[in-house]
2 protein chains.
Amino acid sequence: MISQKAKYALRALVALARAEPTGQTPTVGEIASGQNIPKKFLEQILLDLKHHGIVASKRGKAGGYMLLKPANRITFGEILRIVDGPIALLPCLSVVAYRRCDDCQDEQSCEVRHVFAKVALASRDILDQTTIADSLAGGDDNPVLRIAG
Amino acid sequence: MISQKAKYALRALVALARAEPTGQTPTVGEIASGQNIPKKFLEQILLDLKHHGIVASKRGKAGGYMLLKPANRITFGEILRIVDGPIALLPCLSVVAYRRCDDCQDEQSCEVRHVFAKVALASRDILDQTTIADSLAGGDDNPVLRIAG
DNA sequence: CGATACCCTATCGAATTAGTAGTGATTTAA
DNA sequence: TTAAATCACTACTAATTCGATAGGGTATCG
């Protein structure tokens with residue numbers, strides 16, 4: 001499961017992307033109430049995204065947030081890594097935060113690792129290719145409702 | 001990330017699968033020391049797997065554990081669901097433990113959900129197709145070392 | 001100058017994780 | 001028949017993470 005925080009981050013970015021063509025810079029309060037997100041919590045999240053160069057902000061009256069990069073250059077994978085950390089299901093499979101499994105004898109021959117490497121590859125394929133703009137466009141997705149347990 | 005517990009469970013099952021052709025029923029202590037797993041922790045894990053019909057046990061001297069189903073019928077997905085719960089990255093995408101996202105207005109049009117549905121589908125494809133026997137056989141895997149963040 | 005909004009740090013309760021500990025029940029072999 | 005080995009079960013616990021909440025500080029605009 002991804003964290004609630006990551007879900008909020010993604011939804012906030014979608015909201016910003018949607019507001020972008022109108023030239024508006026929505027405030028935290030607006031996004032929060034529109035998306036059903038606790039305001040102070042969202043404040044932290046957007047601040048974090050700002051520190052990571054995803055969004056920009058304007059202070060004072062008529063302030064707000066805007067995307068710093070075009071929506072079609074912000075991937076789900078990028079955001080997930082900022083907010084939740086590694087995407088890989090094993091520490092020894094993470095590029096951004098590689099860590100040896102301290103209980104694992106030989107990484108090369110680890111049977112479990114081989115399987116999760118495939119999963120990591122598949123997930124990364126999707127998450128690093130799909131942008132905020134894509135998700136807004138919607139469209140070509142399989143009409144699948146409940147898929148995986 | 002999967003839990004340490006799930007990793008232990010999978011490694012223990014691989015060990016049992018490997019011992020199977022020899023007719024042996026390894027003890028918790030043997031698996032634990034062989035796989036570098038805390039013994040009492042592994043005891044709990046195997047007990048749990050037993051309750052879920054994955055392994056069987058024999059008590060007393062010369063006791064131990066064995067697989068209850070053939071290794072090529074035990075999938076990674078099945079074990080992960082038992083030990084870690086849902087595989088899907090969103091509660092609203094889980095088959096085994098569906099839960100509405102309480103902050104989400106409309107599930108059908110949720111942009112975030114659409115993307116994670118693809119991930120769930122892809123992950124499930126791999127995890128529900130790959131068995132303990134497959135991982136033991138190794139072989140056809142891509143020779144990828146560090147793949148995803 | 002004062003209202004509005006972002007900026008930043010600290011704190012907190014609940015849940016989860018990764019074990020440890022201790023006792024009980026069963027089987028085998030001497 | 002009894003000792004030793006082994007699984008069975010329950011309870012506890014220390015540390016961390018999660019999902020916030022609180023409360024100021026700081027810039028900007030009118």
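Residue numbers start from 1 in every chain, and the chains themselves are labelled A, B, ... in the order their sequence lines are given, proteins ahead of strands.
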Does D:dA8 have OP1 or OP2 under 4.0 Å away from a side-chain N or O of B:S57?
yes
**Item:** same_hphob_cluster(A:M66, A:V28) at 4.5 Å side-chain heavy-atom cutoff
**Value:** no
- request: For residues B:F116 and A:L10, determine if any side-chain heavy atom of one lies less than 4.5 Å from a side-chain heavy atom of the other.
  value: yes
* Judged by modelled atom types alone, do A:S57 and A:K50 share a side-chain donor-acceptor pair under 3.5 Å? -> yes
Contacts of A:G60 and A:Q4 projected onto DNA chain D by closest heavy atom; the upstream (5') one is A:Q4
Separation of D:dA11 atom P from B:F41 atom CZ, nearest Å, is 18 Å
Worksheet item: Within the structure shown, what part of the strands sits under 4.0 Å from B:G64 by heavy-atom distance: base, sugar-phosphate, or nothing?
Response: sugar-phosphate
Atom CD of A:E43 and atom C1' of D:dG23 are separated, to the nearest Å, by 11 Å
note: B:D48, atom CG; D:dC9, atom C1'; distance rounded to Å ~ 12 Å
Heavy atoms of B:N36 and A:Q105 approach each other most closely as CB-NE2, 4.1 Å
Carboxylate-amine/guanidinium contact B:E107 B:R113, below 4.0 Å
yes
Whole-Å distance, B:K40 NZ to D:dA11 C1', equals 12 Å
Rounding to 0.5 Å, atoms OG1 (A:T25) and CG (A:L67) come to a distance of 11.5 Å
Between A:K50 and A:K61, whichever has its closest DNA chain C nucleotide further toward 5' is A:K61
Here the distance between atom P of D:dG19 and atom CG of B:D103, to the nearest Å, is 11 Å
Separation of D:dA8 atom P from B:L49 atom CG, nearest Å, is 12 Å
In whole angstroms, the gap separating P of D:dC7 from CG of B:L42 amounts to 9 Å
* Compare side-chain N and O positions of B:H51 against OP1 and OP2 of D:dA8 and report whether any pair is under 4.0 Å apart. => no
Counted 5' to 3', the first and last nucleotides of DNA chain C within 4.0 Å (strictly under) of a heavy-atom of chain B are C:dA18 to C:dT28
Any donor-acceptor pair under 3.5 Å joining the side chain of A:Q44 to the base of D:dT21? yes
Is any side-chain N of the basic residue among A:R81 and A:D128 closer than 4.0 Å to the acidic one's carboxylate O?
yes
Atom NZ of A:K5 and atom P of D:dA20 are separated, to the nearest Å, by 11 Å
